[in-house]
There are 2 protein chains.
Amino acid sequence: MSGGAPVLGILGAGQLGRMLALAAGKLGIATHVYGPPGDTPAAAVSAAFTEAQYTDEKALAAFAAKVSVVTYEFENVPARTAEVLSALKPVRPGPGALAICQDRWIEKRFLQDLGIMTAPFANLEQESGIAPAAAAIGFPAIVKTRRMGYDGKGQRKVGDLRALQAAWHDLGRVPMILEGFVPFRREISVVGARAVDGAVASYDPVENTHENHILRTTIAPAPEADRVRPEAFRMTRHILDALSYVGVMGVEMFETSDGRLLVNEMAPRVHNSGHWTLDACAVSQFEQHVRAVMGWPLGSPERHSDAVMTNLLGEEALGWDARLPPPGTSLHLYGKAGAQPGRKMGHLTALSPRKD
Amino acid sequence: MSGGAPVLGILGAGQLGRMLALAAGKLGIATHVYGPPGDTPAAAVSAAFTEAQYTDEKALAAFAAKVSVVTYEFENVPARTAEVLSALKPVRPGPGALAICQDRWIEKRFLQDLGIMTAPFANLEQESGIAPAAAAIGFPAIVKTRRMGYDGKGQRKVGDLRALQAAWHDLGRVPMILEGFVPFRREISVVGARAVDGAVASYDPVENTHENHILRTTIAPAPEADRVRPEAFRMTRHILDALSYVGVMGVEMFETSDGRLLVNEMAPRVHNSGHWTLDACAVSQFEQHVRAVMGWPLGSPERHSDAVMTNLLGEEALGWDARLPPPGTSLHLYGKAGAQPGRKMGHLTALSPRKD
């Protein structure tokens, strides 16, 4: 690494950190990954790796001293970690966006304040709040822990008060929200980016399908994208601007059967539903994120091809050393050591000529 | 890195090694780069780096012990290095191909034996050979050192015997060849790959233009590719099969004004004229090379887009942190420290929809 060359610090050494490091590599930018001991696939493609806990303030300070900018691959960066680092180096996206996206209640309130529609929701902080929340939201409903949920973890669908009470105990009696169950036509998402100078660029809306709460397939662009694009782009830009956000964000939305778009979740990072951009766009979401957080101008989010991205879960990622993806399909494997069922191990992107 | 996971060893830590390491990263394969001290851009994206001379047999043995397969980014790997390594681990492409491609006279003889057309050539091993070579080839001609030439280094165009004699001295009185000057319409190249199982896949022929003997632009596919494709593919496959080659090879050809294809040079490695495949194909030349040398099946060389690749030389690679490539253009920077004039520092690939 040369004297004054910029270094991108990445908190988190999983597959998203890995693909960020590869994208930084494409731009000639060195990366330094930070993460706790364990399976750390991002470390193998980075110039440096700090193996330490997120609470290790000495290690955090040493890491900050070696990088130009800090970003992260996951939204559950502890608040204190973000605070320690942002006193030393720019942390992008900023700790404010992180705090909002880490807590489902704060996130929903933030969206409500912006006038952006969500499913109806109620705060549920203690046992005494169960009955009022149920009265406000009705059933069926979904109860979710306010913090640390992902891939369906920390949530239950509940059909009556008794089920809600049971879920409250099962999920650990931590602060939760109760969400009204929205009959939706489909889930779409927008991966948007905002630069230091305030420029915004969003990739076309995509349609996502899940299996066991884990993303299985993304169709890019979403069929009939014209119907949802203007409103989906408007909401994404509104969110990014309101947060003075820097970096890429995944915004998950429901399209209801009566044609409304509700925002379900904001992910302050590169997003699984944007993996197709690696193969179908000149500038991928990973490169876009690197550009944004390094203070570079954003690239065009234009796609050259249509794409269908399929996650490879668990053992689906094995055996590719002897098997061939079909022509026009791009294989990505994350180099993880253990192929536990449901674990995201890689993905396939099937390309086809643009239809619009 | 997990216990039994394969590791790709790469000799050479320049930009080609870097792009090979990034492609291995896409497939979940860890890399270990080996190269002498200096500017080593491949090291920053590899799991391990051995900084040592190619003649350091102890370091070579330690390197071989840690990798599954050895490949290289440049053809001037010393024969002894290849020999030491291939006694320990598979070296792909094999030392035989390396030996042939390292010496212009042996290379031309090899092609002649296959019945593949080249420019007329004569061996010129010592001063007493100057007059006979000149008599055989005539003028104008090009005199080239048999070994270690690249990007126009080690060669001179000569118009008469006196100029040839001067060039013989200037170029160091080492073994050379004298080549007849072929008036050609254009230079094309084919990047082909051959797998361990003998399967061959070639990317479409491309047209190259040079400035000061350095590749400036590659147009993919070559305009009027139909005219040259069958013969260019046939010759490429013939060469790959004759060498029992494993990996990617760049085959440079001249299309003469009377419509013949002459092979000018074989590069036993990924090739600058194949960089466009990173952005215009689901499987790039770098991934294809990794697939081949790791014993994986080859991917499809199909392209989804047409492309024009332009090298960024010297200071042309600076300032991209504040400048935007046009929409549909992909920027690659190699992370090199010094932007000396003419040095390959990065490239741009402009994509457009396939026209055929």
Side-chain angles (χ1 to χ4, degrees), chain A residues 1-3 5-6 18-19 21-22 24-31 39 41 43-48 278-280 282-283 287 291 294-300 302 304-305 317 320-338 345-346 349-354, chain B residues 1-3 5-6 18-19 21-22 24-31 39 41 43-48 278-280 282-283 287 291 294-300 302 304-305 317 320-338 345-346 349-354:
Chain A
M1 209 174 314
S2 79
R18 182 177 173 102
M19 288 185 274
L22 293 172
K26 173 179 183 287
L27 297 178
I29 297 168
T31 55
D39 196 4
V45 295
S46 291
L278 279 170
D279 295 297
V283 177
E287 175 171 343
R291 287 180 161 276
M294 296 303 289
W296 292 29
L298 296 182
S300 163
E302 194 188 331
H304 51 67
S305 300
W320 288 99
D321 54 346
R323 201 169 6 142
L324 201 55
T329 300
S330 175
L331 171 68
H332 298 257
L333 297 174
Y334 305 148
K336 292 184 177 177
M345 299 289 294
T349 307
L351 297 174
S352 57
R354 265 189 83 144
Chain B
M1 208 175 311
S2 79
R18 181 176 174 104
M19 289 184 272
L22 292 173
K26 173 179 183 285
L27 297 178
I29 297 167
T31 53
D39 197 4
V45 295
S46 293
L278 278 170
D279 295 296
V283 177
E287 175 171 343
R291 288 181 161 278
M294 296 302 289
W296 292 29
L298 295 183
S300 162
E302 195 189 331
H304 52 67
S305 302
W320 288 98
D321 54 346
R323 199 165 14 139
L324 201 56
T329 301
S330 176
L331 172 68
H332 298 257
L333 297 175
Y334 306 147
K336 293 184 178 177
M345 300 290 293
T349 309
L351 297 174
S352 57
R354 264 188 82 143

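Below, all heavy atoms of this structure are taken into account, side chains as well, without hydrogens, waters or symmetry copies. Order of the sequence lines sets the chain letters (A, B, ...), proteins ahead of strands, with each chain counted from 1.
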#### Entry: Toward chain A, the part of B/Thr329 with a non-hydrogen atom under 4.5 Å
backbone
### Query
Is it the side chain or the backbone of A/Ser46 that comes within 4.5 Å of chain B heavy atoms, both, or neither?
backbone
### Message
What verdict does the side chain to side chain contact (heavy atoms under 4.5 Å, CB included) test give for B/Glu302 and A/Leu351, after you've listed the backbone C-alpha separation in whole Å, the side-chain angles of each residue and the deciding distance to 0.1 Å?
### Response
CA-CA 11 Å; B/Glu302 195 189 331; A/Leu351 297 174; over 6 Å; no
### Message
Is A/Leu278 close to chain B through its backbone or its side chain, or both, or neither, when contacts mean heavy atoms under 4.5 Å?
### Response
neither
### B/Arg354 versus chain A, the contacting section by heavy-atom distance below 4.5 Å
neither
### Message
Could you measure the distance from the NE2 atom of A/His332 to the CG atom of B/Leu27? Nearest 0.5 Å is fine.
### Response
9.0 Å
#### Entry: Stepwise side chain to side chain contact (heavy atoms under 4.5 Å, CB included) test for B/Lys26 and A/Val45
CA-CA 10 Å; B/Lys26 173 179 183 285; A/Val45 295; over 6 Å; no
### Task
Taking A/Arg18 for its side chain and B/Gly25 for its backbone only, find out whether a donor-acceptor pair lies under 3.5 Å.
yes
### Query
Where on B/Ala322 is there a heavy atom nearer than 4.5 Å to chain A: the side chain, the backbone, both, or neither?
backbone
### Task
In sequence, state the C-alpha distance, the side-chain angles, and the governing distance for A/Leu331 and B/Trp296, and then conclude on side chain to side chain contact (heavy atoms under 4.5 Å, CB included).
CA-CA 12 Å; A/Leu331 171 68; B/Trp296 292 29; 4.2 Å; yes
### Over all atoms of both residues, closest heavy-atom pair of A/Arg291 and B/Leu324
NH1-CD1, 4.2 Å
### Message
Taking side chain as everything from C-beta outward and backbone as N, CA, C, O, which of these in B/Ser300 sits under 4.5 Å from a heavy atom of chain A? Side chain, backbone, both or neither.
### Response
side chain
### Message
Given heavy-atom pairs under 4.5 angstrom as the criterion, report whether the side chain, backbone, both or neither of B/Ile29 touches chain A.
### Response
backbone
### Query
Looking at B/Leu22, B/Thr349, B/Leu333, which one has more heavy-atom pairs under 4.5 Å with chain A than the rest?
B/Leu333
### Query
Shortest non-hydrogen contact from B/Gly328 to A/Ala282?
C-CB, 3.8 Å
### Residue among A/Gly346, A/Pro297, A/Ala24, A/Ala21 with most heavy-atom pairs under 4.5 Å to chain B
A/Pro297
### Query
Is it the side chain or the backbone of B/Pro325 that comes within 4.5 Å of chain A heavy atoms, both, or neither?
side chain
